[in-house]
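For this chain, numbers begin at 1 and follow the sequence in order.
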Amino acid sequence: SRIRLRRSVDERKGVIHAQQWCEWTLVTMSQSQFKNVPVLDIHKDNFTELYPTLLLAVKSATFIAIDTELSGLGNRRSLVAPSVEDRYRHICGVAKSRAIISLGLSCFKLQESTATQSSQIPFLIQTFNLTLLCTDTYTVEPESLQFLVEHGFDFNKQYSQGIPYYKGPDRPDKCKTNSIRSFMCEVIKSQKPLVLHNGLVDLIFLYQSFYTDLPSKLLMFTADVSEMFAGGVFDSKYIAEFDFRMPASFLAYVYRRCQRTNAASQTTGKACVLPSFPPYPPQAGAFIEYRECALPAGFIATLQQASLGEDRPTTTIHSAVYCQTFAAHGACKKGRACDASHNLDDILDNEDIVGEKKRQRKRNKKRKHPSGTDPPPPTVDDIEIADDDDGDSVKSGTSDRGRDDSDPTKGTDFQNRGHRAGFDSFMTGFIMACALSKHRKTPGGGPADSDAVKGKCLSDIFNVDHLVDRMTLSGKDVPLQITRSHFTKTSTPHNDKMKALVAERGY
C-alpha cells in the first residue's frame with residue numbers, strides 16, 4: 001500500500017519538515033513480528049524544524065499515546081491512599097512542585113485494509129521523544145534521578161538541549177507560536193483519543209505543566225479533562241487488567257505479552273495488528289533512534305513449527321528461576337543484584353508452559369479417544385495468553401528458545417536499551433491497537449474501506465465503549481470515570497482556556 005505524507009528535507013541540515021508533499025512507499029512489515037521501532041529525538045535545537053511534522057502526525061492520527069518521565073512523585077504511600085480525593089490532592093501538590101523532564105508521543109494512524117488482509121489491522125506509526133526543561137524552580141528526587149540514570153537518561157542533554165516550558169496558566173509575555181505549550185493545545189484541539197498507561201498521574205502533570213492551574217476537586221478535574229479530550233481517554237493498564245485479564249499489568253509486561261500474542265495471531269490468520277513506519281531519509285539519521293524489540297528467535301521458530309502442525313520442540317529447563325516480585329510488579333529492590341531472572345521472555349515462557357500444561361490436561365479429558373490414543377499435538381493457539389496465574393510457575397524453570405541467558409539478571413534487549421518516554425508511548429499505543437483488533441466491528445476483520453478508516457470516532461469502527469474514559473486506581477476494584485457529573489461544574493481557569501482555544505481559527 002502507498003500513502004501520502006507531508007515532507008521536505010533540508011539537504012544542508014538533514015532535517016525533516018512538513019513543508020512540501022511527496023509520495024512515500026509505506027514500509028509494511030511482511031509479518032507482525034517487527035524488530036525495531038524508529039523514535040525521533042526532539043530537543044531545543046530541532047524543535048522548530050520538526051514542529052510541522054509533529055502537528056501533521058497528530059492531525060492525521062487515529063489515536064495518540066503519551067508517556068512522561070518525571071523528576072519525582074513525592075511520598076509513594078500517598079499515591080495509594082484509601083481516599084481517591086486524598087490521592088488527587090497529593091498528586092496535585094507533586095505536579096506543582098515537580099516537573100516533566102521527557103515527553104513521549106506515539107501517533108497511530110489506521111490504514112485502509114485490503115480484502116485479502118481483512119484479518120489484519122494496519123497502523124502507520126510515528127513516535128517522538130521530546131526532551132524538556134522546566135524554567136520554573138522544581139524539586140528533583142534522588143530516587144527518581146537514580147532510576148532514570150540507571151536506565152540511560154542523559155541529564156546533561158536535558159539541561160543543555162531541553163525544550164523550555166513553564167507551568168500553570170498562560171503568561172502573555174511568554175506566549176510563543178511554536179512552543180511545547182502551543183503544541184499541547186494543538187493536541188487538545190485535534191480531539192483525538194488519548195491513550196496513557198496508569199494515566200492519572202500523567203493527566204494531572206500534563207494539565208498543570210501545559211494547560212493551566214489544577215482545580216481543587218477531583219470531580220472538577222475529571223469534568224475538565226472530559227471536555228479537553230473529547231475523543232476519549234484510554235488507560236492501557238485498565239485494558240490489561242479488565243479486558244485482557246493479564247496476571248500482571250506493568251507496561252513492559254503487557255506490551256511483550258501483546259507482541260507475542262499478536263505474532264501468534266498473525267501466524268494463524270486471526271485478527272492482528274500490522275504496524276508500519278515511515279521510511280525516514282538518510283538525512284534524518286542523526287536524530288532517529290531505532291529501538292530494538294525483536295521477539296526471541298526460538299519463539300518465532302516455535303510459531304512456525306506450530307503453524308505447520310509439528311510438535312513443539314522439547315524444552316530444556318534452566319536451573320535459574322525468574323524473580324516473582326519483578327514478574328508481578330515490574331520492579332525489584334535488589335535490581336541487578338537479584339539472583340533470579342528479570343527477563344520478560346523467561347517470565348512469559350514460564351507462564352506459557354504452565355498454561356499449556358493446564359490446557360493439555362483439559363484436552364486429554366475432552367479429546368482422548370476410547371481406544372486410548374493420544375490427543376492431537378498442540379497448535380499455535382496453545383501459546384496465547386494464559387487466563388490464569390499459578391504461583392508454581394516461579395519454580396518451573398525457563399525454556400531455552402535461542403536467547404543468551406548467560407546473565408539471568410538482565411532483561412530482554414528492549415529492556416536493557418534504557419527507559420525512554422518515546423518508546424514507552426509506543427508500547428502504550430501498541431497495547432491499545434491490540435485491544436482494537438480484539439474489538440473490531442467489521443465481521444471479517446479490519447475496516448475494509450477508506451470511509452470507515454476516516455471515521456472521526458473509534459467507536460464508529462471498534463467496540464470500545466466499555467474501555468473509554470476509565471482510569472485504573474491502584475488498590476480499587478472500580479476505575480475512575482473521566483466524565484462530567486451533572487452536579488459538578490468545570491473549573492474557571494479551564495473555561496477561560498477553552499474559550500481562548502475556541503476563539504482560535506480552525507477549532
Side-chain angles (χ1 to χ4, degrees), residues 67-81 87 90-91 94 98 100-102 104 140-153 155 196-202 205 235-241 244 246-259 291 293 320-351 389 391 393-395 398 405 407-428 430-431 471-476:
D67 186 81
T68 62
E69 299 293 350
L70 311 174
S71 66
L73 284 172
N75 187 343
R76 300 302 195 273
R77 290 187 178 181
S78 298
L79 294 173
V80 291
R87 296 188 191 186
H90 167 73
I91 302 173
V94 171
R98 275 75 169 175
I100 299 176
I101 60 178
S102 181
V140 294
E141 298 177 11
E143 182 180 354
S144 298
L145 301 188
Q146 183 180 7
F147 170 82
L148 291 171
V149 169
E150 289 177 351
H151 288 80
F153 189 86
F155 282 97
L196 306 161
H197 186 83
N198 198 17
L200 180 59
V201 173
D202 290 322
F205 264 84
D235 186 353
S236 58
K237 185 177 178 70
Y238 175 81
I239 292 173
E241 293 179 349
F244 292 159
M246 292 186 180
S249 59
F250 62 93
L251 180 59
Y253 172 93
V254 181
Y255 164 74
R256 196 60 158 183
R257 170 57 79 186
C258 286
Q259 187 185 13
R291 293 300 305 269
C293 55
V321 297
Y322 71 80
C323 177
Q324 184 177 11
T325 301
F326 183 87
H329 307 290
C332 174
K333 292 183 178 180
K334 296 180 181 179
R336 291 185 175 271
C338 182
D339 293 332
S341 174
H342 290 179
N343 189 305
L344 281 175
D345 286 305
D346 287 345
I347 296 169
L348 294 170
D349 283 346
N350 274 281
E351 291 180 1
D389 190 21
S393 63
V394 177
K395 299 181 181 179
T398 60
D405 294 315
D407 186 354
T409 66
K410 294 184 180 295
T412 55
D413 185 65
F414 83 92
Q415 290 175 262
N416 293 330
R417 288 292 302 275
H419 200 66
R420 294 286 191 277
F423 186 69
D424 287 356
S425 68
F426 166 78
M427 291 194 291
T428 301
F430 186 80
I431 295 168
M471 308 296 294
T472 296
L473 293 172
S474 299
K476 302 293 183 180

Check the surroundings of atom [atom1] in [X]: do more than 12 heavy atoms from other residues, nucleotides or ligands lie under 6.0 Å from it?
| X | atom1 | value |
| --- | --- | --- |
| Lys334 | NZ | no |
| Glu143 | CD | no |
| Arg76 | CZ | yes |

Report the C-alpha distance between Tyr255 and Leu344 in whole Å, list the side-chain angles of each, state the deciding distance to 0.1 Å, and finish with yes or no for side chain to side chain contact (heavy atoms under 4.5 Å, CB included).
CA-CA 10 Å; Tyr255 164 74; Leu344 281 175; over 6 Å; no
Straight-line distance of [X] [atom1] to [Y] [atom2], nearest 0.5 Å:
| X | Y | atom1 | atom2 | result |
| --- | --- | --- | --- | --- |
| Asp202 | Asp235 | CG | CG | 9.0 Å |
| Arg256 | Leu348 | CZ | CG | 8.0 Å |
| Lys237 | Met471 | NZ | CE | 11.0 Å |
| Cys323 | His342 | SG | NE2 | 4.0 Å |
| Ser78 | Arg87 | OG | CZ | 10.5 Å |

Could you tell me which non-hydrogen atom of [X] sits nearest to which non-hydrogen atom of [Y], and how far apart they are?
| X | Y | value |
| --- | --- | --- |
| Thr325 | Ala331 | CG2-O, 3.4 Å |
| Tyr253 | Glu351 | OH-OE1, 2.6 Å |
| Gly72 | Val94 | O-CG1, 3.7 Å |
| Leu73 | Val201 | CD2-CG1, 3.7 Å |
| Glu141 | Gly74 | OE2-N, 2.6 Å |

Would His197 and Asp424 count as a side chain to side chain contact (heavy atoms under 4.5 Å, CB included) if you check the C-alpha gap in whole Å, the side-chain angles of each, and the deciding distance to 0.1 Å?
CA-CA 9 Å; His197 186 83; Asp424 287 356; over 6 Å; no
Between Leu70 and Arg98, does the side chain to side chain contact (heavy atoms under 4.5 Å, CB included) criterion hold? Intermediate values first, please.
CA-CA 7 Å; Leu70 311 174; Arg98 275 75 169 175; 5.8 Å; no
Would you check if Ile431 and Leu251 make a side-chain contact, meaning some heavy-atom pair closer than 4.5 Å?
yes
Applying side chain to side chain contact (heavy atoms under 4.5 Å, CB included), run through Phe326 and Cys338 and close with a yes or a no.
CA-CA 10 Å; Phe326 183 87; Cys338 182; over 6 Å; no
Using the ring centroid of each side chain, check whether Phe430 and Phe423 are separated by less than 6.0 Å.
no
Would you please say whether a donor-acceptor pair under 3.5 Å links the side chains of Asp67 and Thr428?
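Checked: Asp67/Thr428 side chains show no N/O donor-acceptor pair below 3.5 Å.
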